[in-house]
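The chains referred to below are lettered A, B, ... by the order of the sequence lines, with proteins before strands, and numbering in each begins at 1.
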Number of protein chains: 2
Amino acid sequence: MPRPRSLQPDRLAAAAVAIIDRDGLAGLTMRAAAQELGLSTMALYRYVADRDELELLVCEWVLRDLDATVPDGPIWTENLKILSQRVRASLAAHQRVVPLLIANRQRCHAVLRWTESALAVLTAAGFDDADRVVALRGLVAYLNGALLQESLGALAGPGTLVMAALPAADFPLLRDTARRAGTVSADDEFDGGLSIVLRGLAAMVS
Amino acid sequence: MPRPRSLQPDRLAAAAVAIIDRDGLAGLTMRAAAQELGLSTMALYRYVADRDELELLVCEWVLRDLDATVPDGPIWTENLKILSQRVRASLAAHQRVVPLLIANRQRCHAVLRWTESALAVLTAAGFDDADRVVALRGLVAYLNGALLQESLGALAGPGTLVMAALPAADFPLLRDTARRAGTVSADDEFDGGLSIVLRGLAAMVS
DNA sequence: ACCTGAACACCGTTCAAGT
DNA sequence: ACCTGAACACCGTTCAAGT
């Protein structure tokens, strides 16, 4: 009579995410995850082959509720905006997972489904061949970069404060811009950058 | 009579970069760096306080020849393009350093000087206040994302091949786009994405 | 069938000692 | 003043053993 598994893969992923949210990416170790679940370290290897697989589990779990259906509004740039904001919303509560998502972007099923939908919007807008490749990769590059920047520290975080304290003689504009940065909300920054990319894409097909 | 230091900080950085180029980021350890230089591990701590400082040294070394002067061509988007391409050119031979650069973006002197110049171009183009913050961060988000994508694997790399082998029933567009991706050069991809962002920026001031 | 604990080959870093 | 080696508290993972 087989003893039932004491764990759902879901619970393992949730525990790992809880650790990341609490202690950061560096806090996620096989030992810490096992302890969070009240298991021995080696018990985890019954559920994942190695640490890499645990990280993939984390990615899928964080995006488990991501709506990857194609928005069908009349303006295609708005549809891309909706898709982009859905990703950001899913990650809002688990920002520090972002580096794992970038590393697993080609293996994570949720990401692949999202990408298929983004391509559907681009295709309907008239992109094809090399243009579609460049458009998708350009959008994804912005998303990855913007989400990563947010995950590494808020616009008003300590790094920006250091720049705000730079000598005015050497870095007048950077110093001034860093000071101004504190007044821009994270939402406005993301949406503003996204609008730049979307306007650039629109210029590509017109 | 003080014994002369057996090492220039430059040589330490160069050795660390050589390891990264050869064995990847994971290959860079304090022990490996010391061995590369024929020193004991602990000798390194006479030159850097910790591993973090070694990584900062790597960032400065890789960008040591980065020209951060402000291009003074008549078209400001072209000037931003030149600045962006200079960064990519500096990193071309050391792509795997990119994650370290992103992590140290607010401490690396070479990055700060570059950013000051990018801001000079944006300011001359008429950006100010919150618009300038959003414009800079949008451009930097694209650059970071694009350079990181390149550093994690070529457009024609194994990850793309996996996507090209996806089931046509579930991922028709992604599969097709991944197949097409192999025909787009890394240069064209980067420049194409950059053009999207620059056109979007131009639309912001007109 | 599922879980555990010891052990191995690694990390970064502290500390006391050598020349 | 500069460098070394042992040691400590960590990693991920292998393997043999327990129930």
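- Per the geometry, OH belonging to A/Tyr45 stands 7 Å off P belonging to D/dT14, to the nearest Å.
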Watson-Crick and G-U pairing of DNA chain C written in dot-bracket, each distance under 3.5 angstrom, with | for inter-strand partners: ||.|||||...|||||.||
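- Judged as a salt bridge (charged side-chain N to carboxylate O under 4.0 Å, His left out), and not counting sequence neighbours, A/Arg11 has no contacts.
- Atom-to-atom, CG of A/Leu44 to C1' of D/dG12 comes out at 11 Å; the value is rounded to the nearest Å.
- For residues 86-105 of chain B, every residue pair satisfying the ring pair (Phe, Tyr, Trp, His ring centres under 6.0 Å) rule, not counting sequence neighbours, is listed here: B/Trp61-B/His94.
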Find every protein N or O atom lying less than 3.5 Å from an N or O atom of nucleotides 5-10 of chain D, and list the pairs.
none

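- Between the OH atom of B/Tyr47 and the P atom of D/dA1 there is a distance of 14 Å, rounded to whole Å.
- Residues passing the side-chain hydrogen bond (donor to acceptor under 3.5 Å, both in side chains) test with B/Asp129, sequence neighbours excluded: A/Arg180.
- Take B/Asp10 and apply the salt bridge (charged side-chain N to carboxylate O under 4.0 Å, His left out) test, not counting sequence neighbours, and it matches no residue.
- Applying the ring pair (Phe, Tyr, Trp, His ring centres under 6.0 Å) definition to pairs two or more places apart or across chains, those involving residues 159-187 of chain A are A/Phe171-B/His109.
- At a threshold of 4.5 Å between non-hydrogen side-chain atoms, the residues A/Val111 and A/Cys59 do not count as touching.
- Atom-to-atom, CZ of B/Arg51 to C1' of D/dC11 comes out at 13 Å; the value is rounded to the nearest Å.
- The interatomic distance linking A/Glu55 (CD) with D/dG12 (C1') rounds to 12 Å, in whole Å.
- Here the P atom of nucleotide D/dG12 and the CG atom of A/Leu25 are 12 Å apart, to the nearest Å.
- For the pair B/Leu7 CG and D/dC3 C1', the interatomic distance rounds to 12 Å; values are reported in whole Å.
- Within the structure, side chain to side chain donor-acceptor pair (under 3.5 Å) contacts touching residues 95-104 of chain B (residues at least two apart or in different chains) are B/Asn104-B/Arg107.
- The ring pair (Phe, Tyr, Trp, His ring centres under 6.0 Å) contacts involving residues 20-44 of chain B comprise nothing, where partners must be two or more places apart or lie in separate chains.
- Whole-Å rounding puts the B/Arg46 CZ to D/dA1 C1' distance at 7 Å.
- A/Glu60 places no side-chain N or O within 3.5 Å of a backbone atom of A/Cys108 that could act as its donor or acceptor partner.
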